[in-house]
Amino acid sequence: MLDIRLIREEPERCQDRLKARGGDAWKLITEVLECDEQRRSGETEKQVLQQDRNRLSKEIGKMRSQGEDSSEVESKVRGIGEQIKVIAESTEKAEARQRELLLQIPNLPHENCPVGSDETANPEIRTWGGKPKFEGFEAVDHLSLAGKLGLFDFELGAKISSSGFVVYTGKGARLQRALIQFLLDLHTREHGYQEVNPPVVVNRESMFGTGQLPKFEDDMYGIEGNQQFLIPTAEVPVTNLYRDTIQNPDDFPIKTTAVTHCFRREAGAAGRENRGLIRMHQFDKVELVNVVEPGQSLDQLELLTAEAEKVLQTLGLHYRIIELCTGDVGFSSTKTYDIEVWAPGQNEYLEVSSCSSFGDYQARRMKLRYKGEDGKNHFCHTLNGSGTALPRLYVALIETYQQADGSILLPEALHAYFGGEKIT
RNA sequence: GGAGAGGUGGCAGAGUGGUCGAAUGCAGUAGUCUUGAAAACUACCGUGCCGCAAGGUACCGUGGGUUCGAAUCCCACCCUCUCCGCCA
């Protein structure tokens with residue numbers, strides 16, 4: 001959520017920043033301010049009446065204990081009670097509406113976020129490595145590689161579930177497991193992350209906390225009448241671990257990682273240019289979550305991105321970093337880098353990680369605070385990034401390391417994890 | 001799933017209709033004392049909202065209700081614990 005005080009003090013700037021996103025969320029600002037005005041004046045009025053009531057009620061107590069007749073005061077207080085009820089009702093209404101609106105307004109893109117209306121305006125920040133050369137043969141895509149080697153099976157996935165689900169088989173399953181192990185070890189041993197293994201079913205409150213609700217209910221798998229949801233990313237359970245807490249700043253930065261299954265309906269994505277493992281209803285992902293002090297968040301975003309990049313560097317996979325422009329940054333994000341790995345068989349870059357700083361946007365939603373040196377509580381900043389998504393990493397890996405005979409020569413970092421250096 | 005018990009401040013734990021935002025202990029912060037530390041002593045020590053401030057107001061699992069007045073009484077829900085059943 002945006003800070004209502006910020007909206008109050010700089011409504012035009014808020015509107016301008018929201019306009020930079022495109023969409024019409026900026027139009028809500030005016031109504032939010034109206035609600036805020038109503039809410040505050042109602043609250044003040046109510047408090048004056050409550051003060052009267054409290055004072056008179058105490059008097060009744062005294063009078064009764066002294067055996068005096070208090071019926072006159074009682075009826076007076078009863079009248080005040082009625083008034084309070086009326087005012088409270090309209091105040092609560094304004095407050096509820098204000099909250100509803102605030103929850104719908106996305107975060108403000110950071111001032112240094114490149115301006116643009118859609119993904120075509122996303123600048124490339126840097127690249128690492130180069131596209132692999134294939135001597136004497138044409139690179140094929142992961143589907144044909146997997147077909148020969150028996151790494152995974154879409155028909156089986158569709159049979160027991162539906163399209164958009166896959167069954168990894170044999171060495172293919174082992175490779176997936178090896179990758180997960182490699183990723184978690186890298187982040188916990190070299191980047192200082194604390195590992196958790198959270199539920200993949202979460203309640204509505206958690207979904208509100210990170211910003212999936214109220215806007216994206218239809219993108220998620222709901223259960224129990226949508227009182228719970230399958231997580232679309234470990235960002236949700238992991239960040240919400242810290243919901244409603246007051247952190248000790250000595251613990252910053254708090255770095256937590258988890259591998260989970262992720263579930264996405266991908267409504268409307270069917271039939272689009274997504275063959276194979278590129279876009280699934282269920283996939284695995286290693287997520288990196290940071291909780292930091294406000295002053296640290298920009299630097300921390302660079303560090304977080306570097307941690308995700310380390311994955312691809314260690315595996316020797318060519319990638320590029322792009323920054324999302326104002327028209328493309330996610331709902332809760334204020335600044336985002338995407339990491340796109342080169343997949344030779346696709347002949348394109350695949351997004352394997354999205355590293356974002358959310359500023360205090362999520363923290364305010366979930367009341368995640370820290371005790372400042374001034375003794376007061378302040379909202380933390382939250383960040384997260386994939387470190388990385390598995391299927392696309394898998395695709396890039398096997399397509400990059402394919403050999404002329406259709407086998408796959410694994411990079412050294414995976415040998416021990418996989419238990420071998422070649423998949424045949 | 002069935003039966004019972006319980007949810008109060010960072011923790012422990014009083015409080016069963018009025019002066020209770022809440023005793024007490026521990027932890028924490030500041031100070032006195034001390035060469036230093038410990039101990040002892042003193043003071044402070046929950047969160048939100050409104051307000052320039054003084055101050056006010058709300059919060060005792062959550063949401064309703066009763067009452068002039070609710071941490072305290074009533075109802076519903078959630079969660080935890082114990083026992084039974086089931087079970088990876």
Side-chain angles (χ1 to χ4, degrees), chain A residues 1-9 32-103 197-209 213 222-229 237 240-252 254 261 291 360 362-380:
Chain A
M1 278 190 302
L2 298 182
D3 186 355
I4 184 61
R5 264 167 279 197
L6 178 68
I7 296 177
R8 213 142 63 197
E9 281 157 26
V32 168
L33 286 171
E34 283 167 16
C35 290
D36 183 48
E37 189 53 46
Q38 271 180 44
R39 191 193 106 248
R40 286 190 297 157
S41 64
E43 197 128 321
T44 304
E45 207 178 332
K46 189 178 80 176
Q47 286 189 5
V48 172
L49 291 169
Q50 283 171 328
Q51 189 174 359
D52 284 348
R53 182 182 65 181
N54 289 345
R55 186 169 44 80
L56 292 173
S57 288
K58 276 179 190 170
E59 252 170 57
I60 291 171
K62 263 185 215 147
M63 290 172 84
R64 286 211 182 168
S65 67
Q66 290 166 11
E68 294 173 33
D69 174 29
S70 59
S71 53
E72 201 175 308
V73 188
E74 278 176 38
S75 70
K76 198 170 165 189
V77 176
R78 204 171 297 138
I80 295 175
E82 294 301 315
Q83 285 183 63
I84 290 176
K85 210 169 181 180
V86 173
I87 293 166
E89 212 166 290
S90 67
T91 306
E92 275 159 29
K93 220 165 152 184
E95 190 177 353
R97 177 64 181 154
Q98 179 183 322
R99 181 172 170 74
E100 186 185 328
L101 291 166
L102 282 174
L103 286 170
N197 190 326
V200 296
V201 175
V202 300
N203 56 28
R204 297 187 66 91
E205 211 181 341
S206 296
M207 286 299 186
F208 271 102
L213 287 179
I223 57 178
E224 302 289 342
N226 278 16
Q227 290 312 294
Q228 298 180 313
F229 295 90
N240 275 283
L241 252 24
Y242 304 102
R243 164 154 52 85
D244 255 312
T245 61
I246 298 174
Q247 297 295 327
N248 181 344
D250 294 345
D251 298 334
F252 290 147
I254 299 171
H261 297 309
V291 179
D360 62 9
Q362 291 181 329
R364 180 169 289 105
R365 281 178 166 242
M366 63 172 77
K367 297 194 186 69
L368 164 50
R369 295 167 295 178
Y370 70 96
K371 186 74 75 180
E373 281 180 25
D374 55 3
K376 290 183 181 164
N377 295 326
H378 304 278
F379 289 110
C380 304

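Every chain is numbered from 1, with letters handed out A, B, ... down the list of sequences.
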A.B. asks: With both distances under 3.5 Å as the test, what is the Watson-Crick or G-U wobble partner of rU80(B)?
C.D. replies: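 rU80(B) is paired with rA5(B).
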
A.B. asks: rC86(B) and rC75(B): how far apart are their P atoms, nearest whole angstrom?
C.D. replies: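 Result for the P pair: 33 Å, nearest Å.
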
A.B. asks: Hey, mind stepping through Arg204(A) and Asn226(A) against side chain to side chain contact (heavy atoms under 4.5 Å, CB included) and telling me if it holds?
C.D. replies: CA-CA 8 Å; Arg204(A) 297 187 66 91; Asn226(A) 278 16; 3.9 Å; yes

A.B. asks: rG51(B) and rC45(B): how far apart are their C1' atoms, nearest whole angstrom?
C.D. replies: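 The answer is 25 Å between these two C1' atoms.
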
A.B. asks: Considering only atom P, compute the distance from rG69(B) to rG18(B) and round it to an integer number of Å.
C.D. replies: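 About 14 Å, rounded to a whole number of Å.
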
A.B. asks: Please check the phosphate of rU47(B) (OP1 and OP2 only) for any side-chain N or O of Lys371(A) closer than 4.0 Å.
C.D. replies: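 Checking Lys371(A) against rU47(B): at least one side-chain N or O falls below 4.0 Å of OP1 or OP2.
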
A.B. asks: In B/S/- notation, 5' to 3', how is nucleotides 55-70 of chain B contacted by protein heavy atoms closer than 4.0 Å?
C.D. replies: -BSS---------BS-

A.B. asks: Between rC49(B) atom C1' and Met1(A) atom CE, what is the distance in whole Å?
C.D. replies: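 So the two atoms are 14 Å apart, to the nearest Å.
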
A.B. asks: I need the CZ-P distance between Arg39(A) and rC49(B), as an integer number of Å.
C.D. replies: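 Roughly 8 Å, once rounded to whole Å.
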
A.B. asks: For Asp244(A) and rG10(B), what is the distance between atoms CG and C1' respectively, to the nearest whole Å?
C.D. replies: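 About 15 Å, once rounded to whole Å.
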
A.B. asks: Rounding to an integer number of Å, can you tell me how far Arg99(A) CZ sits from rG48(B) C1'?
C.D. replies: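 After rounding, the gap between these two atoms is 13 Å.
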
A.B. asks: Is the count of non-hydrogen atoms from other residues, nucleotides or ligands lying under 6.0 Å from Glu72(A) atom CD greater than 12?
C.D. replies: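 Result for CD/Glu72(A): open.
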
A.B. asks: Only pairs with both distances under 3.5 Å count, Watson-Crick or wobble alike; so what is the partner of rA30(B) in this structure?
C.D. replies: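 By the stated definition (distances under 3.5 Å), rU42(B) pairs with rA30(B).
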
A.B. asks: Rounded to whole angstrom units, what separation is found between the NZ atom of Lys376(A) and the C1' atom of rG48(B)?
C.D. replies: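 It works out to 14 Å between those atoms.
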
A.B. asks: Please figure out whether Lys58(A) or Arg40(A) has its closest RNA chain B nucleotide nearer the 5' end.
C.D. replies: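 Closest to the 5' end, via its nearest nucleotide, is Lys58(A).
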
A.B. asks: Taking rA40(B) as the reference, what is the distance to rA23(B) when you measure between their C1' atoms (whole Å, please)?
C.D. replies: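 Here rA23(B) and rA40(B) have their C1' atoms 23 Å from each other.
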
A.B. asks: Could you go through Ile223(A) and Val201(A), starting from their C-alpha distance and side-chain angles, then the distance that decides it, and tell me whether this counts as side chain to side chain contact (heavy atoms under 4.5 Å, CB included)?
C.D. replies: CA-CA 9 Å; Ile223(A) 57 178; Val201(A) 175; 3.7 Å; yes

A.B. asks: Can you tell me, in whole Å, how much space there is between the P of rU8(B) and that of rC81(B)?
C.D. replies: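 Approximately 14 Å lies between the P atom of rU8(B) and that of rC81(B).
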
A.B. asks: Any idea which heavy atoms bring Leu2(A) and Leu102(A) closest together, and the distance?
C.D. replies: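 Reported closest heavy-atom pair: O-CD2, 4.1 Å.
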
A.B. asks: Say we look at rC59(B) and rA54(B): how far apart would their C1' atoms be, to the nearest angstrom?
C.D. replies: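 23 Å, rounded to whole Å.
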
A.B. asks: In whole Å, measure the gap between the P atoms of rG61(B) and rG15(B) for me.
C.D. replies: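 Those two atoms are separated by 15 Å.
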
A.B. asks: Once salt bridge (charged side-chain N to carboxylate O under 4.0 Å, His left out) is applied, what residue pairs with a partner in residues 76-86 of chain A remain, sequence neighbours excluded?
C.D. replies: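 Qualifying pairs, neighbours excluded: none.
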
A.B. asks: In whole Å, measure the gap between the P atoms of rG56(B) and rU42(B) for me.
C.D. replies: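 It works out to 29 Å between them.
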
A.B. asks: Can you measure Met63(A) atom CE to rG17(B) atom C1' for me and round it to whole angstrom units?
C.D. replies: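 Spelled out: CE on Met63(A) to C1' on rG17(B) is 19 Å.
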
A.B. asks: Passes side chain to side chain contact (heavy atoms under 4.5 Å, CB included), Ser206(A) versus Arg243(A)? Steps please.
C.D. replies: CA-CA 8 Å; Ser206(A) 296; Arg243(A) 164 154 52 85; 2.8 Å; yes

A.B. asks: Is rA58(B) paired to anything, Watson-Crick or G-U wobble with both distances less than 3.5 Å, and if yes, which nucleotide?
C.D. replies: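 Paired with rU47(B).
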
A.B. asks: When you check the gap from the basic side-chain N to the acidic O, do Arg64(A) and Glu74(A) get nearer than 4.0 Å?
C.D. replies: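 Yes, charged N to carboxylate O under 4.0 Å.
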
A.B. asks: What is the base-pairing partner of rG69(B), counting Watson-Crick and G-U wobble geometry with both distances under 3.5 Å?
C.D. replies: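 None - no nucleotide pairs with rG69(B), as no candidate has both distances under 3.5 Å.
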
A.B. asks: Hey, which of these two, Ile4(A) or Ile246(A), hits RNA chain B nearer its 5' end, going by closest nucleotide?
C.D. replies: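 In this pair, the answer is Ile246(A).
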
A.B. asks: Is there a donor-acceptor pair under 3.5 Å between the side chain of Arg8(A) and the backbone N or O of Glu37(A)?
C.D. replies: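 Checking the backbone N and O of Glu37(A) against the side chain of Arg8(A), no donor-acceptor pair under 3.5 Å is found.
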
